[in-house]
> 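Take this structure, written in structure tokens, and hold onto it; I'll ask about it next.
Below, chains carry the letters A, B, ... as their sequence lines are ordered, and counting in each starts from 1.
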Protein chains: 2
Amino acid sequence: MNFPDLFDRFADRVLPANLTDAAILQLRHEAYAEDLPAGGRLHLDDDRSHFIFVGSGATKLAAFVSTEREQIVAFDFAGDIVHVPPRGRYNFALTALTPAEVLVMPADSFLRTTPESCALLKVATEETARALSASRENAITLGRRSARERLACFLLDVWARMADQRKTGEEAIVLPMSRGEIAESLGLTIETVSRQFSELRELGLIETCGRSLLRVVDPEGLSRCAGQVAAAA
Amino acid sequence: MNFPDLFDRFADRVLPANLTDAAILQLRHEAYAEDLPAGGRLHLDDDRSHFIFVGSGATKLAAFVSTEREQIVAFDFAGDIVHVPPRGRYNFALTALTPAEVLVMPADSFLRTTPESCALLKVATEETARALSASRENAITLGRRSARERLACFLLDVWARMADQRKTGEEAIVLPMSRGEIAESLGLTIETVSRQFSELRELGLIETCGRSLLRVVDPEGLSRCAGQVAAAA
DNA sequence: CGTCTAATTGATGGTTGTCAAGACGAGTGG
DNA sequence: CCACTCGTCTTGACAACCATCAATTAGACG
């Protein structure tokens, strides 16, 4: 997918209709596309925040807590928008889990206070608010839930967000992230994640095949697993 | 403090100079002040998100995870702005820790796409981005740090943010929140928080007097405590 | 000064992290 | 097509950390 197609897809998906052509052209001028191979890291100007539109593939946004230790803050799939903050207390990096096409836009491009780009600003606010909600939910999960509940939550979330990938008769999805990456996003170790996978399988709530094929057999049961707060946690 | 003074303080603190009088008046028209007693809860229209300016006092923003179990998402003090999301997966409530004067503004008030209020939109985006960064840092702390590190982090944060309250020769601050509330924000139990307080005191890093008076004796040492990621956690 | 709630401290157990070994899967070369 | 190899995943044993339960102490307020 080339830049024009990628930008058009982005515009279709998030830009409102009432935007002037001038504003769109200005944004288009400052955006650029990038192809990332699996495992490839997006290099950005650390001093500015960016919005990244994921055209295809899957990505992770991770914070470097210490050397060789990172905390994954968000997973994003095709059609999602990621807010990448500037360098602060932690450094953040967007990494592709699978080959991915992304559209990079400095946040400044949305923040002009010219009358024409007001609608753009609104988009930026809404996307940031959405990211804030997701982050707060994540914080709640990390603070108050057991390992079992965290994984159940995670699987339900991914299962729902990748729904379009199983529309063609397929009942399974391909998890683009490794067990280690799941662990890093849930604040657990890889061993604990693996054990929870096994137990959910034994409970008959999910089925797995190979490393990455997942099928949620009993969404309601999984939801029950995820729902209740840890009695002991 | 009455509404006009509260609004003026808010305007001085966050509104940019290039805002038209019309935009300010419009915002002022939709804002209202509220006095909260200690422990008082702010009741909002759940279907809209709001920005709350804390004029005086201290507040907590909490999510209700289940009955009688809440996760505190943010503490905010005089001069801070809080983003309260609409009802979603979790319900959120802003509660006063001490008597507080707050200015309530529906987020919609900032989101008008009239040319005059463009600068307002920018303010909203920036405040939301700030909240997002804070929330992500919080998530990292909850996911990757031990009890000791969480409390050290927390105390350093509060110590820095309440710096203005100890400018008058005082070297101590009054913690407006209880141990239980600290526990709820750090994803720990009240007993663990209390034990960590005791240990930090024995290490000579902090001093406490009564329930809420705190003095950080050795900020660097505390920072060292907070800095390293949990070896075992 | 008395009462009540919050905070502290101790003892114990459960959940999860750590260390270690083995199994599985993917990719490569014969 | 099969064997080999390497990295990821799984499973087990053990230990550490934190939650739970319980009892005592300290503070706040009337």
> Looking at H83(A) and I81(A), would you say the former's side chain and the latter's main chain have a donor-acceptor pair under 3.5 Å?
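No; judged by distance alone, with no hydrogens or angles, the pair does not exist.
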
> Taking the minimum atom-to-atom distance to the side chain of E191(B), which one of dA22(D), dT16(C), dT11(D) wins?
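Selected nucleotide (nearest to the side chain): dA22(D).
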
> Which whole-number value in Å describes the distance from Q196(A) CD to dT11(D) P?
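Rounding to the nearest Å, CD of Q196(A) and P of dT11(D) are 12 Å apart.
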
> Within this structure, what is the CG-to-P distance between L186(A) and dT16(C), rounded to whole angstrom?
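One finds 12 Å between P of dT16(C) and CG of L186(A), rounded.
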
> Taking for each residue the nucleotide of DNA chain C with the nearest heavy atom, is it L188(A) or C209(A) whose nucleotide lies nearer the 5' end?
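The residue whose closest nucleotide sits nearer the 5' end is L188(A).
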
> Would you mind classifying the nucleic acid contact of R201(B) as base, sugar-phosphate or nothing, using non-hydrogen atoms under 4.0 angstrom?
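If one applies the 4.0 Å heavy-atom cut-off, R201(B) turns out to touch the sugar-phosphate alone, with no base involved.
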
> Take the protein atom CZ of F197(B) and the nucleotide atom C1' of dT25(D), then report the distance between them rounded to whole Å.
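F197(B) atom CZ is separated from dT25(D) atom C1' by 18 Å.
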
> Of the candidate nucleotides dA19(D), dT11(D), dT16(C), which contains the atom at the shortest distance from the side chain of S146(A)?
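Closest nucleotide among those given: dT16(C).
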
> Tell me the interatomic distance from R195(B), atom CZ, to dT20(D), atom P, rounded to whole angstroms.
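After rounding, the reported distance stands at 12 Å.
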
> So which nucleotide from dA19(D), dT18(C), dT9(C) ends up closest to the side chain of T189(B)?
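Nearest to the side-chain atoms of T189(B), counting from C-beta on, is dA19(D).
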
> Atom CG of L200(A) to atom C1' of dC9(D): distance rounded to whole Å?
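Rounding to the nearest Å, CG of L200(A) and C1' of dC9(D) are 16 Å apart.
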
> Any side-chain N or O of R179(B) under 4.0 Å from OP1/OP2 of dT8(C)?
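Yes, within the criterion.
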
> Does T192(B) put a side-chain nitrogen or oxygen below 4.0 Å from OP1 or OP2 of dA19(D)?
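It does, given that an N or O in the side chain of T192(B) lies less than 4.0 Å from OP1 or OP2 of dA19(D).
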
> Start at the 5' end of DNA chain C and walk down; is the nucleotide closest to V193(A) or to M177(B) reached first?
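First, find each residue's nearest nucleotide; the 5'-ward one identifies M177(B).
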
> Between T128(A) and T128(B), do the side chains contain a donor N or O and an acceptor N or O under 3.5 Å apart?
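There is no such pair between these side chains.
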
> Considering only NZ, NE, NH1 and NH2 on the basic side and carboxylate oxygens on the acidic side, decide whether K60(B) and E70(B) come within less than 4.0 Å.
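Judged by the 4.0 Å cut-off on N to carboxylate O distance, K60(B) and E70(B) do form a salt bridge.
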
> Against F53(B), only a single residue in F7(B), F10(B), Y32(B) fulfils ring pair (Phe, Tyr, Trp, His ring centres under 6.0 Å); can you say which?
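In the set F7(B), F10(B), Y32(B), the residue that makes a ring pair (Phe, Tyr, Trp, His ring centres under 6.0 Å) with F53(B) is F10(B).
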
> For I190(B) and dT20(D), give me the distance from atom CD1 to atom P, rounded to whole Å.
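I190(B) atom CD1 is separated from dT20(D) atom P by 12 Å.
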
> Under 3.5 Å, is there a donor-acceptor pair between the side chain of R211(A) and the main chain of S178(A)?
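Not a single qualifying donor-acceptor pair exists.
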
> Check the distance between dA7(C)'s P and L175(B)'s CG and give it to me in whole angstrom.
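Atom-to-atom, L175(B) to dA7(C), this comes out as 11 Å.
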
> Spell out yes or no: do the side chain of R211(A) and the base of dC24(C) have one donor N/O and one acceptor N/O closer than 3.5 Å?
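A donor-acceptor contact between them is present.
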
> How close or far is atom C1' of dC18(D) from atom CZ of R148(B), stated in whole angstroms?
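Interatomic distance, CZ of R148(B) to C1' of dC18(D): 13 Å.
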
